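Computed from a prediction, not measured in an experiment: that's the story for all the values here. Just so we're on the same page: letters track the sequence lines, and every chain starts at 1.
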Amino acid sequence: DGDSETLRRAVGVAQHHDAVSGTAKQHVADDYSKRLAVGSAHCQVLVSNSLSKLSGSSVPRTYCEKLNISVCPLTESSHEFSVTVYNPLSRPVDWPVRLPVNGTHYTVTRPGGSLVDSEVVPVSQATKDIRRDGGYAANELVFQATAPPMGFSTYSVSLVQNRPPPAPPLPG
Amino acid sequence: APPVLENQYLRVTFDPDTGLLSSLTNLETKQTVQLKQNFYWYNASVGNRESIQPSGAYIFRPNSSTPVPVSLTAKTQALKNSVVQEVYQQFGPWVSQVVRLYEHSQELELEWTVGPVPVRDGFGKEVITRLDTNINSSGLFYTDSNGREVLERRRDFRPTWVLKQTEPIAGNYYPINSRIYIKDQEQQLTVVTDRSQGGSSIQDGSLEIMLHRRLLVDDFRGVGEALSEPGEYGEGLVVRGRLLLALTPPSTAAETHRRLAESLVLQPLLSVQSGPLR
C-alpha cells in the first residue's frame with residue numbers, strides 16, 4: 001500500500017533549521033536523506049495506484065530518479081515503452097521530456113495517436129563522467145510533452161530501426 | 001563560426017574567443033543585454049586579524065572580495081536541432097555547463113555541473129556563477145522569500161538600522177528560494193533557480209549565485225565538522241542544477257517568472273511503463 005503520511009512526516013522532520021540550511025552533521029544529513037527517500041518511495045506507490053485506476057493500465061510503473069544524470073534502466077534497455085506525465089499545476093504545462101536511450105531513432109506518439117516532434121541527442125561527456133556506477137545510455141530522446149491541469153498525458157515511444165552510423169569524412 | 005542559439009523568442013550569442021555567453025536578446029520585445037557568464041570560486045577564510053571566524057557550514061566568509069575564475073575560457077561544442085539547441089561548455093575538469101534552448105521556450109536554460117571541488121591546494125572553495133550585464137541596476141537587486149514576496153535588496157544597506165559593512169561579499173548575500181533579478185527602466189533579467197541558493201549583486205548589472213561549497217575547517221558554530229562531504233568516491237560531491245534566464249521588460253516580468261518558478265517547483269512527475277501502450 002502506498003501512502004503520503006511517511007513523506008509528510010519526513011518533510012516535517014526536515015523543517016528543522018539544520019535540514020533547511022544544510023548545517024547538520026553529516027550523519028544527520030544522511031538520516032534526513034534516508035527519511036525523505038523512504039517517504040518518496042511510499043508516495044510513488046500511491047501515485048502508481050492512482051494512475052493505474054485512472055488509466056486502466058496495471059503494467060508496473062517505474063520512476064526514473066536519476067534523469068538528471070541520464071540514467072533510467074527501463075528506457076535505456078526497452079525498444080517500446082510509454083511515458084506518463086502527471087502535472088500537479090492547475091494550468092496546462094508544456095514540459096521538455098529527456099529520456100536516456102541507446103537507440104538513435106524513435107517515434108513518439110501522443111495520446112490521440114498523432115506523432116510528436118522528437119529527436120535524439122548524445123549524452124554529454126560530463127554526464128558520462130559522473131555516472132560511473134550505473135547507466136550506459138549513449139543518447140537522450142527529447143520531446144515536448146503537454147499535460148492538462150492536475151492531470152496526465154501518456155506518450156508512447158517506439159524504437160525505429162537504428163540509423164546506420166554516419167559515413168566517415170572523405171580525406172581532403 | 002561562434003555558436004548562436006535562436007528560436008522564435010530568444011537569441012543567444014557566445015564570444016568566439018572565450019566560448020562564454022556574450023548576449024541575450026528577447027526577439028519579441030527587441031531587447032538585448034550584453035551578458036557574460038562565468039564560474040568563479042571564493043577562497044574560504046580560515047580567520048584573519050579582524051576576526052578568527054572561518055568560513056563554514058553556518059558562516060559564509062570569503063577571505064577576499066575578488067573571486068578566482070575557474071577558467072577564463074570555455075571549450076564549446078554546439079548541437080543544433082529543431083526540438084532543442086545546445087552548447088556544451090567545459091570550464092575545466094570540475095566545472096561544465098550546457099546552455100539549452102528548446103523550440104518554443106521563452107527562457108534560456110543553463111544546466112551547470114560543479115564538482116568534485118578540488119581542495120588539495122589547501123583552499124576551501126565557495127563556487128559561484130556570475131552573470132555580468134549592462135543593466136543599470138543602481139545597487140538594487142531582488143530575491144524572493146519562499147516564493148511569496150519578492151524583497152528589494154540594496155547593496156551595503158539594511159532598511160531598519162545603519163549598517164557598518166564589514167564583509168563586502170558575505171554581508172551582501174541573501175537567500176534565494178526560487179528567483180533573483182536585477183532591472184532598470186527598460187529591462188529585467190530574472191534568474192529562476194531549481195533549489196534554494198544564496199545570491200547577490202556585488203556590482204551594478206551583475207548577479208551571482210552560490211552553487212557549491214567545499215571547506216576544510218569547522219566554523220565553531222556547533223556542527224563540529226568541516227563542510228566537505230566526501231561522496232561515494234571520497235573525492236567530494238558533484239552537484240548539478242539548472243538556472244532559467246528570462247529577459248523581459250520590468251512591467252511584464254512578474255508574469256514570466258511566476259510561471260517559470262511554478263513549473264520548476266511543481267514540475268511534472270514522469271513515470272515509465274515497459275511495452276506498448278494499451
Closest non-hydrogen atom pair between B/Asn7 and B/Tyr9, with its separation: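 Closest approach of B/Asn7 to B/Tyr9: OD1-N, 2.7 Å.
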Taking the basic N atoms (NZ, or NE/NH1/NH2) and the acidic carboxylate oxygens, is any pair closer than 4.0 Å for [X] and [Y]?
X       : Y        : answer
B/Glu86 : B/Arg100 : yes
A/Asp30 : A/Lys34  : no
A/Glu5  : A/Arg8   : yes

Identify which of [options] forms the greatest number of heavy-atom pairs closer than 4.5 Å to chain B.
options                               : answer
A/Val142, A/Asp117, A/Asp129, A/Leu89 : A/Leu89
A/Arg91, A/Gln125, A/Gln144           : A/Arg91
A/Ser78, A/Ser124, A/Ser48            : A/Ser124

Is the side chain of A/Tyr32 donor-acceptor paired with the backbone N or O of A/His27 at a distance under 3.5 Å, no angle test? no
Keeping the roles fixed (side chain from B/Asp219, backbone from B/Ile59), state whether a donor-acceptor pair exists under 3.5 Å.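 Such a contact is found between B/Asp219 side chain and B/Ile59 backbone.
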In terms of heavy-atom proximity below 4.5 Å to chain B, should [X] be classed as side chain, backbone, both, or neither?
X        : result
A/Ala126 : both
A/Val157 : neither
A/Thr127 : both
A/Asp18  : side chain
A/Ala145 : neither

Of the backbone (N, CA, C, O) and the side chain (C-beta and beyond), which part of [X] lies under 4.5 Å from a heavy atom of chain A, both, or neither?
X        : answer
B/Tyr58  : both
B/Ser96  : side chain
B/Arg259 : both
B/Ser82  : both

I'd like to know which of B/Val238, B/Leu79, B/Leu270 tops the heavy-atom pair count under 4.5 Å against chain A.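 Answer, by heavy-atom pair count under 4.5 Å with chain A: B/Leu270.
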Is the closest side-chain heavy-atom distance between B/Val239 and B/Arg195 below 4.5 Å?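 In short, these two side chains touch, coming nearer than 4.5 Å.
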Fit a plane to each ring of B/Phe91 and B/Phe39, take the angle between them on a 0 to 90° scale, and name the class: parallel (under 30°), tilted (30 to 60°) or perpendicular (over 60°). perpendicular
